Amino acid sequence: MESIEHRTVEVNGIKMHVAEKGEGAVVLFLHGFPELWYSWRHQILALSSLGYRAVAPDLRGYGDTEAPSTVNSYTCFHLVGDIIALIDSLGVDKVFLVAHDWGAIIGWYLCLFRPDRIKAYVCLSVPFRPFLGRNPKQKTVDFFHSLYGDDYYICRFQEPGKMEAEMAGVDTAYLMKNILTTRKTGPPTFPKGEYGTGFNPVIPDTLPSWITQEILINMLLNSTRLASLEAELLQNLI
């Protein structure tokens, strides 16, 4: 992916890593969890060859973008503000937005708060659900506890440092392989005292056909830090 350009931009009080290629109308990609700009590498090359400027940042708290230490720095207003500042830095009024998973939630907030900056939105995996389908008077994490139980991965990420310490018991390559190769149905969990079997109870000896060892290594090399902040981010959504 040497033809993809990388730079760091100052947005909304943080330094954001951005990957981009091409000229023309901007297509802005927002990644999910636990992902980086790298998830969009094929789309960046494809769309840039068709006359678009394809742009994919590492979101706040992920990869080589800064990760403020306080939970209060991850409200939906911060996250939308980051993307609006990024759009401003690109010198355009509007973008085509494509987002997946965690990025898709941010994408919906962008459309709600700043529809004037979005030409069109392609949402992957997370449909528009006000309050995530819950009672608006109920906290998001309380809703997840009641629906999926205490071992649900977002619930397990609530105590700062605890899951990080458990994850430190294995190397990052193992962790990513465990998450990415799962075919377990139902909500993803991290059963207490059973780390390593939470997302994927049986890790295959060989990688599935859609991911190679080279891709797995590149995912790790393209980040100096894989943040486990999704739960804290959800806690701060309206």
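Only heavy atoms go into these numbers, but all of them, side chains included; no hydrogens, no water, no symmetry mates. Not measured: the values here are computed from a predicted model.
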- Query: Would you call F190 and C155 a side-chain contact if the rule is heavy atoms closer than 4.5 Å?
  - Reply: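 SC-SC contact between F190 and C155 ruled out.
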- Query: Is any side-chain heavy atom of Q213 less than 4.5 Å from a side-chain heavy atom of L207?
  - Reply: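 Q213 reaches L207 side chain to side chain.
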- Message: Suppose we call two aromatic rings close when their centres sit under 6.0 Å apart. Are H145 and Y152 close by that rule?
- Response: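 Ring centroids of H145 and Y152 are no less than 6.0 Å from each other.
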- Between W102 and F33, is the ring centre distance below 6.0 Å?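 For W102 and F33, the ring centres are not under 6.0 Å apart.
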- Between E20 and R53, is there a salt bridge with N-O shorter than 4.0 Å?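 Looking at E20 together with R53, the answer is yes, because their closest N to O distance falls below 4.0 Å.
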- Got a donor-acceptor contact below 3.5 angstrom from the R117 side chain to the R114 backbone?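 Such a contact is absent between R117 side chain and R114 backbone.
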- Message: Checking the side chain of Y74 only, and the main-chain atoms of R60 only, is there a donor and an acceptor separated by less than 3.5 Å?
- Response: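 No; zero donor-acceptor contacts below 3.5 Å.
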- Item | Aromatic ring pairing Y109/F113, orientation class (parallel under 30°, perpendicular over 60°, tilted between) |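 Correct class here is tilted.
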- How close do N12 and G81 get, heavy atom to heavy atom, and via which atoms?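 For N12 and G81, the tightest heavy-atom pair comes out as ND2-C, 3.6 Å.
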- If every non-hydrogen atom of A85 is compared with every non-hydrogen atom of V11, which pair is closest and at what distance?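 So the two residues come closest at CB-CB, 3.7 Å.
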- Item | Six-ring centre of Y38, R41 cation under 6.0 angstrom, axis tolerance 45° |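 Yes, a cation-pi geometry.
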- Item | Pairing residues for V122 by the side-chain contact (heavy atoms from CB on, under 4.5 Å) criterion, not counting sequence neighbours |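 Here the qualifying residues are V98, L124.
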- Task: Could you tell me which residues satisfy side-chain hydrogen bond (donor to acceptor under 3.5 Å, both in side chains) with S48, sequence neighbours excluded, listed by chain and number?
- Result: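 With neighbours one apart ignored, the set is empty.
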